[in-house]
Number of protein chains: 2
Amino acid sequence: MSKASHLKDIGLKATGPRLTILELFENSETRHLSAEDIYRKLLSDEVDIGLATIYRVLTQFEQAGILVRHHFESGKAVYELNQGGHHDHMVCVGCGTVTEFFDPEIERLQERIAKQHGFAIQDHSLYLYGECAECQSRRAPGKR
Amino acid sequence: MSKASHLKDIGLKATGPRLTILELFENSETRHLSAEDIYRKLLSDEVDIGLATIYRVLTQFEQAGILVRHHFESGKAVYELNQGGHHDHMVCVGCGTVTEFFDPEIERLQERIAKQHGFAIQDHSLYLYGECAECQSRRAPGKR
DNA sequence: AGCCTTTATGATACAGAGAATCACCGCACC
DNA sequence: GGTGCGGTGATTCTCTGTATCATAAAGGCT
Ligand SMILES: [Zn+2]
Ligand SMILES: [Zn+2]
Ligand SMILES: [Zn+2]
Ligand SMILES: [Zn+2]
């Protein structure tokens, strides 16, 4: 009953859709999922949850700190399980693969710049867009 | 006739709306403007340019390299004059003020991380969100 | 300048992501 | 097992931004 009680702790009833979506994140190969991704995945699993519910649950989970939301250039928001460690993202414009990274030096420099301007950082977003190693060799197989 | 010939060089006719929008950017106090911002500003100046035209012209100017587009968390795209130097942005969640900054060290570290993953960066976006100095003292006048 | 072809404009319709509505449903507590 | 309140899902609405299309205006040519 860990999952159900976790939901109750944050004031959310342990309903079918919520547990299903939470489990989907825990068992998914791809960490970063959009509302549409989740909707399609559930449909292919014969689970029928309305798109409105998915949007609602994702928002609630984000506010509860269970999920973290990101906005890549794709235009649609993606969510991932909040497992404590902050990290930033590299997005391949070829295949869409998302790679996570964390650089304490960059984090420190951001704080330093903010301090220089008397700015109190609450949040930040750093996305690198480009071509992953696979997509590069796929486009120029000879090179390397 | 510098502006007009500049437009012609990139294959765009030097029309009224295009010149007006370009001049608006050059004379604006605020560097970062959304389509809606421009539309309202022009309306208050008794200039009537359709919103569709503004969106179209902004897209063309971005493709021509005259403007650079950014997506802050606000949800709407903002544009600024492309004056050569790349920079990143700090956005105040209180008053919306945008502060620009450039840190060669952060840029270098991004490249290093990409290289470590065999990733070829084409573009990146770094936004810091928080409270500017003014908004902080406005909320807590005693402190400082 | 006046004509003519090409491109631009602007009103409006359309699209896509996501939030709001609201009647119905089902979990939790008794 | 009833009852009430929160949850659900079909649908509608909102908000950015794009596509359409008839009309207008650039700019090259004479
Ligand atoms: Zn790739
Ligand atoms: Zn991540
Ligand atoms: Zn501020
Ligand atoms: Zn800027």
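All of these numbers come straight from a predicted model, not from anything done at the bench. A note on names: the letters A, B, ... follow the listed sequences, proteins ahead of strands, and every chain is numbered from 1. The figures here come from the full heavy-atom set of this structure, side chains too, leaving out hydrogens, waters and symmetry mates.
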Tabulated below should be each protein N or O lying under 3.5 Å from an N or O of nucleotides 1-6 of chain C; please produce it.
{"unit_1": "C/dT6", "atom_1": "O2", "unit_2": "B/K13", "atom_2": "NZ", "d": "3.1"}

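A salt bridge does not link B/D37 to B/K41: none of the charged nitrogens lies less than 4.0 Å from a carboxylate oxygen. Taking a cutoff of 4.0 Å between a charged side-chain nitrogen and a carboxylate oxygen, B/R40 and B/E36 qualify as a salt bridge. With respect to the salt-bridge test (charged N to carboxylate O, under 4.0 angstrom), the residues B/R108 and B/E111 do not qualify.
Using a 4.5 Å cut-off between side-chain heavy atoms of Ile, Leu, Val, Met, Phe, Trp and Tyr, B/L128 falls into a hydrophobic cluster with A/M90, A/F101, A/I106, A/L109, A/I113, A/F119, A/I121, A/L126, A/L128, B/M90, B/F101, B/I106, B/L109, B/I113, B/F119, B/I121, B/L126.
Residues of residues 50-77 of chain A that place a heavy atom closer than 4.0 Å to DNA chain D, in numerical order, are A/G50, A/A52, A/T53, A/R56. Only B/P17, B/R18, listed by number, bring a heavy atom of residues 16-30 of chain B to less than 4.0 angstrom from any atom of DNA chain C. Looking at residues 31-45 of chain B, you'll see that no heavy atom sits under 4.0 Å from any atom of DNA chain D.
Pairs of residues two or more places apart, or lying in two chains, never qualify as salt bridge (Lys or Arg N to Asp or Glu O under 4.0 Å) while including a residue from residues 7-18 of chain B. Sequence neighbours left out, the pairs with a member in residues 130-139 of chain A that pass salt bridge (Lys or Arg N to Asp or Glu O under 4.0 Å) are A/E131-A/R139. Pairs passing the salt bridge (Lys or Arg N to Asp or Glu O under 4.0 Å) check and including a residue from residues 83-103 of chain A, sequence neighbours excluded, read A/R31-A/E100, A/D103-B/R112.
Using a 4.5 Å heavy-atom threshold, the side chains of B/L58 and B/I54 count as touching. You'll find the side chain of A/L24 stays beyond 4.5 Å of the side chain of A/L22, heavy atoms only. Two residues are said to be in side-chain contact when any heavy atoms from C-beta on lie closer than 4.5 Å; B/L33 and B/Y79 fail this criterion. Using a 4.5 Å cut-off on side-chain heavy atoms (C-beta onward), B/L42 and B/D48 make no contact.
Scanning for side-chain contact (heavy atoms from CB on, under 4.5 Å) contacts around B/A52 gives B/R56, with sequence neighbours left out. With sequence neighbours excluded, the residues that form a ring pair (Phe, Tyr, Trp, His ring centres under 6.0 Å) with B/H86 are B/H124.
When DNA chain D is scanned in the 5' to 3' direction for atoms under 4.0 Å from non-hydrogen atoms of chain B, the outermost contacting nucleotides are D/dT16 to D/dG27.
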In residues 62-77 of chain B, what donor-acceptor pairs under 3.5 Å come from side-chain atoms, sequence neighbours left out?
{"unit_1": "B/H70", "atom_1": "NE2", "unit_2": "B/E80", "atom_2": "OE2", "d": "2.6"}
{"unit_1": "B/S74", "atom_1": "OG", "unit_2": "B/K76", "atom_2": "N", "d": "3.3"}
{"unit_1": "B/S74", "atom_1": "OG", "unit_2": "B/K76", "atom_2": "O", "d": "3.3"}

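By the criterion of side-chain heavy atoms lying less than 4.5 angstrom apart, applied directly or through intervening Ile, Leu, Val, Met, Phe, Trp or Tyr residues, B/V98 is not grouped with A/Y127; the two fall into different hydrophobic clusters.
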